[in-house]
Amino acid sequence: MLERITFDKFTAFEKLDIRFSPGINVFIGENGTGKTHILKAAYAACDIAKSKESFAEKINNVFYPSGRQIGRLVKRSAKSGKGTVEVCRRLERKSIKLRMTFSNHTKRSEDAEISGHKAWVEEPLETAYIPVKDMMANAPGFRSLYDEREIHFEEVYVDIIRKAFLPPLKGPADGERRGLLDKLQKAMDGRVIVRQEEFFLKSRQGMLEFTLLAEGLRKLGLLWTLIQNGTLLNGSVLFWDEPEANLNPKLMMPIIDILLELQRTGVQIFLATHDYVLLKELDLQAKKDDRILFHSLYRAQDTGEIEAASTDNYLKLSPSAIDDTFGSLVDREIERSMKGLAK
């Protein structure tokens, strides 16, 4: 599992150090406070544990800076500077660190300084990153197009398609995995079938291609696929950027149910969200032993730099851009009602 991540002059961060929960980590904050950047950097570290790619090259592919010049990921300033990303991972008996240092003049990934790579890749790790944009409906031909042509897509988009196309594990699903699959099948009223790189939802009504399927159901279908093919098993890591995007709030209940169950089976989860319903469903469905940590990202009033506050108690989450916004809505509604009574 991942233990912590540290940034020094990386993208939007001057300095940031965040410790992670081994269960579910939820990142909230206003736009521009770096939620997605944290997820992408941590995902890049997880992915190379199995692919054995260079950490710098994976960071470059995941962030996709202009001209593919990795030095553009150093926090912008008027003078030369160096940026650092360090990720700490906990193994059974020890912790290991993966570190990348590079300057704003570094153009090629291979010129970045990397330490800890050898020990990091000795222990493979399954991981998946679900981006905001759905890719399952666009899957046919995308992998070959990405491999053969220079198209402006961050690598997270082709990575999730590659994960979704993995064939099922051999043999019947164990009890925990079967239970998760059954819950998802009930929620989306069917199961996912792949034919010639095209995804379908097979239900009592027949076969419905994903291009004609509501995006909320595609999200459930992707979770079903990742569980069925063994990507999300004990010891794996899931990153999900804005699960609420294009999702009817009603479907958030089964999704949080599944995420909590995955956490109980040993999957570490990272979520970035702007959604009150997601936070409240976690609050309502979580059990005493569930390991959930909320991370609030905000800009310090005196410096304007991004900082983080973490808590395992949703009610103590502060500052909370989501709660503050909904509280403002309630206050405005009360104010309008009081004006009506005054008349």
Side-chain angles (χ1 to χ4, degrees), residues 11 35-70 72-73 85 87 100 108-110 112 121 124-169 192-201 209-211 213 215 217-233 236-243 245-246 267 269-272:
T11 63
K35 299 181 297 298
T36 296
H37 287 194
I38 294 171
L39 265 63
K40 282 185 172 182
Y43 165 72
C46 288
D47 186 74
I48 69 163
K50 187 171 183 180
S51 69
K52 294 181 171 53
E53 291 178 69
S54 158
F55 186 36
E57 183 65 19
K58 189 65 183 182
I59 286 278
N60 213 10
N61 291 339
V62 163
F63 282 87
Y64 214 101
S66 178
R68 306 294 294 281
Q69 296 185 39
I70 193 169
R72 293 185 61 81
L73 297 178
V85 182
V87 186
M100 178 182 74
R108 304 181 307 167
S109 301
E110 53 264 39
V121 301
L125 179 65
E126 285 287 356
T127 187
Y129 185 107
I130 302 178
V132 178
K133 299 174 185 175
D134 167 67
M135 292 304 295
M136 294 184 79
N138 304 303
F142 189 84
R143 289 181 299 176
S144 57
L145 178 66
Y146 188 91
D147 291 338
E148 296 173 8
R149 296 287 187 268
E150 192 68 39
I151 57 175
H152 201 86
F153 274 86
E154 301 102 302
E155 200 165 66
V156 292
Y157 293 106
V158 72
D159 281 354
I160 194 60
I161 291 177
R162 288 169 177 156
K163 297 288 184 183
F165 277 134
L166 289 174
L169 292 175
V192 180
I193 301 292
V194 183
R195 290 183 178 174
Q196 297 180 341
E197 290 200 342
E198 190 171 4
F199 291 96
F200 296 83
L201 180 67
E209 52 268 46
F210 267 46
T211 51
L213 197 63
E215 190 164 333
L217 293 177
R218 293 181 212 167
K219 290 176 183 286
L220 295 176
L222 178 55
L223 269 184
W224 187 93
T225 302
L226 295 175
I227 293 169
Q228 189 218 27
N229 66 25
T231 298
L232 298 181
L233 292 176
S236 63
V237 185
L238 171 64
F239 299 87
W240 198 346
D241 197 356
E242 297 187 22
N246 298 311
V267 177
I269 298 171
F270 294 80
L271 307 173

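Along the sequence shown, the residues carry numbers beginning at 1.
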K.L.:
Looking at Tyr64, is Arg68 sitting on its ring face, NZ or CZ under 6.0 Å from the six-membered ring centre and within 45 degrees of the normal?
P.N.:
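Here Arg68 passes the 6.0 Å and 45° test against Tyr64.
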K.L.:
Run the numbers on Val237 and Val267 for side-chain contact (heavy atoms from CB on, under 4.5 Å), then give the verdict.
P.N.:
CA-CA 6 Å; Val237 185; Val267 177; over 6 Å; no
K.L.:
Between Lys52 and Asp47, is the closest basic N to carboxylate O distance under 4.0 Å?
P.N.:
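Salt bridge: no.
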K.L.:
Considering all heavy atoms of both residues, which atom of Leu222 and which atom of Met136 are nearest to each other, and what is their separation?
P.N.:
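Of all heavy-atom pairs spanning Leu222 and Met136, the closest is CB-SD, 3.3 Å.
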K.L.:
Quick one: does Glu197's side chain have a donor or acceptor within less than 3.5 Å of a partner on Gly141's backbone?
P.N.:
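Yes, the answer is positive, given that a donor and an acceptor are paired below the 3.5 Å cut-off.
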K.L.:
Measuring from Ile59:CD1 to Glu155:CD, what's the distance to the nearest 0.5 Å?
P.N.:
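Ile59 CD1 to Glu155 CD: 11.5 Å, rounded to 0.5 Å.
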K.L.:
As a quick check of understanding, evaluate side-chain contact (heavy atoms from CB on, under 4.5 Å) for Leu39 and Tyr129, giving each step before the final call.
P.N.:
CA-CA 8 Å; Leu39 265 63; Tyr129 185 107; 3.8 Å; yes
K.L.:
Any chance you could measure Leu73, atom CG, to Phe63, atom CZ, to the nearest 0.5 Å?
P.N.:
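If I round to the nearest 0.5 Å, the distance is 6.5 Å.
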K.L.:
Once rounded to the nearest 0.5 Å, what's the spacing between atom CG of Leu169 and atom CG of Leu233?
P.N.:
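Leu169 atom CG to Leu233 atom CG measures 6.0 Å (nearest 0.5 Å).
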K.L.:
Could you tell me whether Glu126 and Lys163 have a side-chain N and a carboxylate O separated by less than 4.0 Å?
P.N.:
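Yes.
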K.L.:
I need the Ile130 CD1 to Glu242 CD distance, nearest 0.5 Å.
P.N.:
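Those atoms lie 13.0 Å apart.
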K.L.:
side-chain contact (heavy atoms from CB on, under 4.5 Å), that's the test. Do Glu110 and Arg108 meet it? Break it down for me.
P.N.:
CA-CA 5 Å; Glu110 53 264 39; Arg108 304 181 307 167; 3.5 Å; yes
K.L.:
Heavy-atom distance under 4.5 Å between the side chains of Leu271 and Ile269, does that happen here?
P.N.:
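Result yes, sub-4.5 Å side-chain heavy-atom pair found.
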K.L.:
Give the C-alpha distance, both sets of side-chain angles, the deciding distance and a yes or no for ring-ring contact (aromatic ring centres under 6.0 Å, His included) between Tyr157 and Phe142.
P.N.:
CA-CA 9 Å; Tyr157 293 106; Phe142 189 84; 7.7 Å; no
K.L.:
Classify the angle between the aromatic ring planes of Tyr43 and Phe239 as parallel (below 30°), tilted (30 to 60°) or perpendicular (above 60°).
P.N.:
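Aromatic pair Tyr43/Phe239 classed perpendicular.
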K.L.:
In terms of ring plane angle, is the pair Phe165 and Phe199 parallel, tilted or perpendicular, where the classes change at 30° and 60°?
P.N.:
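Parallel: the ring planes of Phe165 and Phe199 meet at under 30°.
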K.L.:
Heavy atoms only: give me the nearest Pro131-Val156 pair and the separation to one decimal.
P.N.:
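Shortest heavy-atom contact: CB-CG2, 4.3 Å.
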K.L.:
Roughly how far, to the nearest 0.5 Å, is the CG atom of Leu217 from the CG atom of Asn246?
P.N.:
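One finds 12.0 Å between CG of Asn246 and CG of Leu217.
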K.L.:
What are the two closest heavy atoms between Ala45 and Ile48, and how far apart are they?
P.N.:
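Reported closest heavy-atom pair: O-CG1, 3.3 Å.
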K.L.:
Is the shortest heavy-atom distance from the side chain of Ser66 to the side chain of Arg72 under 4.5 Å?
P.N.:
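Yes, their side chains come closer than 4.5 Å.
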K.L.:
Return the minimal non-hydrogen interatomic distance between Leu226 and Ala164, and the atom names on each side.
P.N.:
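Minimum heavy-atom separation between Leu226 and Ala164: CD2-N, 4.4 Å.
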K.L.:
Test Thr211 against Glu209 for side chain to side chain donor-acceptor pair (under 3.5 Å), laying out the working first.
P.N.:
CA-CA 5 Å; Thr211 51; Glu209 52 268 46; 4.8 Å; no
K.L.:
Just wondering, do Tyr146 and Ile151 contact through their side chains at under 4.5 Å, heavy atoms?
P.N.:
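Sidechains of Tyr146 and Ile151: in contact.
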K.L.:
Indicate yes or no: does Glu154 engage Lys133 in a salt bridge with an N to O separation below 4.0 Å.
P.N.:
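So Glu154 does not pair with Lys133 through a salt bridge.
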K.L.:
Charged N to carboxylate O below 4.0 Å: is that the case for Asp147 and Arg162?
P.N.:
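Yes, Asp147 and Arg162 are salt-bridged.
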K.L.:
Write down the atom of Leu125, the atom of Ser236, and the distance for their closest heavy-atom approach.
P.N.:
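Minimum heavy-atom contact is CD1-CA, 4.5 Å.
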K.L.:
For residues Asp241 and Ala272, report the shortest heavy-atom separation together with the two atoms involved.
P.N.:
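That closest heavy-atom pairing would be OD1-CB, 3.6 Å.
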K.L.:
Side chain of Asn229, backbone of Thr225: donor and acceptor closer than 3.5 Å?
P.N.:
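Checked: pair present.
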K.L.:
Evaluate the side-chain contact (heavy atoms from CB on, under 4.5 Å) criterion for residues Val132 and Thr36: first the C-alpha distance (whole Å), next the side-chain angles of each, then the deciding distance (0.1 Å), finally the verdict.
P.N.:
CA-CA 10 Å; Val132 178; Thr36 296; 5.8 Å; no
K.L.:
Does any part of the side chain of Asn138, heavy atoms only, come nearer than 4.5 Å to the side chain of Phe210, both counted from C-beta?
P.N.:
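They are not in contact (no side-chain heavy atoms under 4.5 Å apart), so the answer is no.
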K.L.:
If you measure from CG on Asn61 to CG on Asp159, what distance do you get to the nearest 0.5 Å?
P.N.:
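Asn61 CG to Asp159 CG: 8.5 Å, rounded to 0.5 Å.
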K.L.:
Can any side-chain N or O of Arg218 pair as donor or acceptor with the backbone N or O of Leu213 at less than 3.5 Å?
P.N.:
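Checked: pair present.
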